[in-house]
Amino acid sequence: MELRHLRYFVAVAEERNFTRAAQRLHIAQPPLSRQIQQLEEELGVQLFERNARPLKLTETGKFFYSHAVHLLAQTSELESMTRRVGNIERSLSVGFVGSTLYGMLPKIIRRFRDENKSVELSLHEMSTMDQIRALKDGRIDVGFGRIRHEDANIRRVILREEKMIVALPIGHPLSTAKPVLSLRDLIHETLIVFPKAPRPSYADQVLSAFQERALTPRRIYEVRELQIALGLVAAGEGISVVPSSVYGLKRDDVSYMELDDPTLTSPIIMSMRAMDESRDIKEMLELIYRLYEEEKIPYVPRTDRGG
Ligand code: BEZ
C-alpha cells in the first residue's frame, strides 16, 4: 500500500462519489476506481458498501478512513517540518483572526521584527479553522485565533482570556442606565454579531453566552466583520458584544460599557504544529509573555516552558 492509495481513498470517502473525487485529484475516473479496487484486494476487505448511492463506507472503511486521515496529516506535517528545518533562511508565517489586530498583535509583530531582523515574517488573515488546515499543510507556522479546537497534530496555548464588552450607539439609554451591564439588559436590542462566516467563530461565543443564560435577544444581525458591526452600532442599528481590546478603536459615535460577569470572555489562542520545536516559535511565545508582563496584561498561567 502506498500513500497515493490513502490519498485516493480519502478523496472518494469524502466526496462520496468517484467522479467528484477524480476531479478533486485531477485524474481520470477509471484509474481511480482501479486503485480503490486494488486497495480493497490488497487489504482483503470491503471499504465501500456495494451499490450504495451516494457511496457509503463500510464499518471497516470508517476505521480505515480515520487512520488514513491521521497518517496523511502526519505526512504533510513531516514534509513541511523537514522543509522548515532544512531552511537556511529563517522565516515565519503567521495566521491571525481579524479581531486580534485590535489587541497585542501589531505590537508583537513590531517587536518580533526588531528583535529578529534575519527572520522573514509574513502575516495572513484567516479564520481559526483555516489556521488549523494551513498549519497542517505548512502554509503558516503559527496561528492566533479564538476557537478552542482539539487536534492531535496541533499544539494550542491559551494566552489570555479577553473580557467581552458592549458597544452601544452614542447616547443610547443603556449607556447611562447603570455603571455596568448584564447580558439580560441587552435582550430588547438587536444584537449585531460577527463574523458571519466561516463558523464556528467569535459570533458563536457571543451567541452561546446568551443561550447558556437562557436569554434570547430581540433580533440577531450577523455581519461579515468587526468594523461593519461597529459601523452599524454607530448608525443606531443595534448593539454588539466585542472583545475589550476594541476599546482602543476610539470612535466618537460609539460608547463602550463593561459587562458584570467575569466569565464573559473570549480566549486568544496560539496554535502551532505539535512537533514544531523551532527557535522562532519559542522566541515568539517568550516575547508575548514578556509584553504581557511589561503592559501588565493578565494572562493564563503557563503550564510548561513551551506555554
Ligand atoms: C493579544 O492581544 O493578547 C494577542 C493578540 C494576537 C496575538 C497574540 C496575543
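Every number for a ligand or one of its atoms is a count from 1 in the order of the listing. All values below come from the heavy atoms of this structure, side chains included, with hydrogens, waters and symmetry mates left out.
Between the side chain of Arg273 and the main chain of Leu135, a donor-acceptor pair closer than 3.5 Å is present. Not one N or O on the side chain of Glu162 forms a donor-acceptor pair closer than 3.5 Å with the backbone of Thr100. Within the 3.5 Å criterion, the main-chain N or O of Arg20 finds a donor-acceptor partner in the side chain of Asn17. Between the side chain of Arg16 and the main chain of Val12, no donor-acceptor pair closer than 3.5 Å is present. At distances below 3.5 Å, not a single donor-acceptor pair connects side-chain atoms of Asp276 with backbone N or O atoms of Met272.
Taking the six-membered ring wherever Trp is involved, the centroid distance between the rings of His67 and Phe63 falls below 6.0 Å.
Within the listing of ligand 1, atoms 1 (C), 3 (O), 4 (C), 9 (C) sit less than 4.0 angstrom from a heavy atom of Tyr292. The ligand atoms of ligand 1 that sit less than 4.0 angstrom from a heavy atom of Gly103 are 2 (O). Ligand-side atoms of ligand 1 in range of Leu159: 8 (C), 9 (C), range being under 4.0 angstrom from any heavy atom.
For Arg219 and Tyr221, the positive end sits near the middle of the six-membered ring, less than 6.0 Å away and at most 45° from its axis.
Of the polar atoms of Arg160, at least one N or O is found under 3.5 Å from an N or O of ligand 1, judged by distance alone. In terms of N/O distances under 3.5 Å, ligand 1 is approached by Met104.
Ranking the protein heavy atoms by distance from atom 5 (C) of ligand 1 puts Leu105 N, 3.6 Å first. Nearest protein heavy-atom contact of atom 8 (C) of ligand 1 is Ile108 CD1, 3.3 Å.
Within the 4.0 Å heavy-atom shell around ligand 1 one does not find Phe96.
Nearest-residue assignment for atom 1 (C) of ligand 1 (options Ile268, Leu287, Leu291, Leu101; heavy-atom criterion): Ile268.
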